[in-house]
Amino acid sequence: MRISGGKARGIPLRATKAPELRPATEANRERLFSSLGQQVEDACILDLFAGTGSYGLEALSRGAALASFVEKNRKITKDLQDNLSKVLKSAQLKKDVGRVIQRDVLDFLQAPPEKSYDILFLDPPYAEIDLLREKLFARIRKNQFVHRDSLLVHECPSGEYEEPRGWQLIRTLGKAAKGSPIFHFFKITE
């Protein structure tokens, strides 16, 4: 698994073997970031359930101004920190443009951030997705992790999908195919 584009293109990412880890494939990231295009440049990124950090790291490689990664698993977080260091070095970025937060995502979302984010990547464990979805979307909105122009990209398995309250689905990327994720793009409603 490698960074698929930008200044750190080709940099390999370390992925701990863990049952809860489901790293985004290079092909899926390439498809997603091609769809996002210029929106990533100079954006402030939040990567929730970060795992290897592939979404936030890809964004930094492609010109994002800042990326925060939230992951609770200590072993996975260690690899994420290593991946971040490699990408920052390769892309010749300052160390303060990326930070790793080892914490449960729902706990992290309890208090408002210093500043809202431009793009959020939300990729919860598929086994817990139906239980978590409503709480996650509600806390992100209530605690102002987003502003009216923010984009939330939610990766989930293909199948039926209920639009969360207070959010508008603006686009879906991907088709129902066994093993391929779907990306839903959301903005908050006024």
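Just so you know, residue 1 is the first one in the sequence shown, and it goes up from there.
Cluster annotation: Leu88 and Leu66 are assigned to distinct hydrophobic clusters (Ile/Leu/Val/Met/Phe/Trp/Tyr, side-chain heavy-atom contacts under 4.5 Å, transitive). Residues Leu136 and Leu169 fall within the same hydrophobic cluster, defined by Ile, Leu, Val, Met, Phe, Trp and Tyr side chains chained together at heavy-atom separations under 4.5 Å.
Of the possible polar contacts, none joining the Asn83 side chain to the Leu13 backbone as a donor-acceptor pair under 3.5 Å is found. A distance-only check finds no donor-acceptor pair linking the side chain of Thr189 to the backbone of Gln168 [under 3.5 Å]. Formation of a donor-acceptor pair under 3.5 Å by the Glu71 side chain with backbone atoms of Val100 is not found in this model. The backbone N or O of Gly166 lies less than 3.5 Å from a partner atom in the side chain of Arg141, making a donor-acceptor pair.
Under the 4.5 Å side-chain criterion, counting only non-hydrogen atoms from C-beta, Phe49 is in contact with Pro125. You'll find the side chain of Val105 stays beyond 4.5 Å of the side chain of Pro124, heavy atoms only. Contact annotation: the side chain of Leu60 never approaches that of Ile3 to less than 4.5 Å [non-hydrogen atoms, C-beta and beyond]. A heavy-atom distance below 4.5 Å is not found between the side chains of Gln81 and Thr77.
Qualifying side chain to side chain contact (heavy atoms under 4.5 Å, CB included) partners for Ser85, counting only residues two or more places apart in sequence or in other chains: none. Phe137 meets the ring pair (Phe, Tyr, Trp, His ring centres under 6.0 Å) test with His154, Trp167, Phe186; sequence neighbours excluded. By the salt bridge (Lys or Arg N to Asp or Glu O under 4.0 Å) test, Arg139 is found to be paired with no residue, residues two or more places apart in sequence or in another chain being considered. In this structure, Asp42 has no side chain to side chain contact (heavy atoms under 4.5 Å, CB included) partners at least two apart in sequence or on a different chain. Take Ser116 and apply the side chain to side chain contact (heavy atoms under 4.5 Å, CB included) test, not counting sequence neighbours, and it matches His147. Every salt bridge (Lys or Arg N to Asp or Glu O under 4.0 Å) that Arg165 has, sequence neighbours left out, goes to Glu134. With sequence neighbours left out, Phe69 forms a ring pair (Phe, Tyr, Trp, His ring centres under 6.0 Å) with no residue at all. For Phe108, the ring pair (Phe, Tyr, Trp, His ring centres under 6.0 Å) test picks out Phe145, with sequence neighbours left out. Listed by chain and residue number, nothing satisfies the side-chain hydrogen bond (donor to acceptor under 3.5 Å, both in side chains) test with Arg103 (two or more places apart in sequence, or in another chain). Ser34 meets the side chain to side chain contact (heavy atoms under 4.5 Å, CB included) test with Glu30; sequence neighbours excluded.
Of the options Ile140, Val146, Asp149, a side-chain contact (heavy atoms from CB on, under 4.5 Å) to Ile188 is made by Val146 and by none of the others.
If you take NZ on Lys187 and CZ on Arg171, they are separated by 9.5 Å, rounding to the nearest 0.5 Å. To the nearest 0.5 Å, atoms OG1 (Thr52) and CG (Leu80) are separated by 7.5 Å. Expressed to the nearest 0.5 Å, how far CE of Met1 lies from OG of Ser54 amounts to 5.5 Å. A distance of 4.5 Å separates CG of Leu46 from CG of Leu120, quoted to the nearest 0.5 Å. Taken from CZ in Arg133 to CD in Glu163, the straight-line distance is 11.5 Å, to the nearest 0.5 Å. For the atom pair CG (Leu122) and SG (Cys156), the distance works out to 9.0 Å, reported to the nearest 0.5 Å.
With side-chain heavy atoms closer than 4.5 Å counting as contact, directly or through intermediates, the hydrophobic cluster containing Phe33 also holds Leu32, Leu36, Val40, Ile45, Tyr55, Ile119, Phe121, Leu151, Val153, Ile170, Leu173, Phe183, Phe185.
By the 6.0 Å contact criterion, CD on Gln144 is open, its count of non-hydrogen atoms from other residues, nucleotides or ligands being 12 or less. Other residues, nucleotides and ligands place no more than 12 heavy atoms under 6.0 Å from the NZ atom of Lys78. At most 12 heavy atoms of other shown residues, nucleotides or ligands fall within 6.0 angstrom of atom NZ in Lys72.
For Ser61 against Ala8, the heavy-atom pair with the smallest separation is OG-N, 2.8 Å. Across Lys86 and Pro12, no two heavy atoms sit closer than the pair NZ-O, 3.0 Å. Nearest heavy atoms, Ile101 versus Ser68: CD1-CB, 4.4 Å. What you find for Asn28 and Pro181 is that their closest heavy atoms are ND2-CD, 3.2 Å.
There is no side-chain donor-acceptor pair under 3.5 Å between Ser4 and Arg31.
Contacts classified as salt bridge (charged side-chain N to carboxylate O under 4.0 Å, His left out) and involving residues 2-13 (residues at least two apart or in different chains) are given here: Arg2-Glu26.
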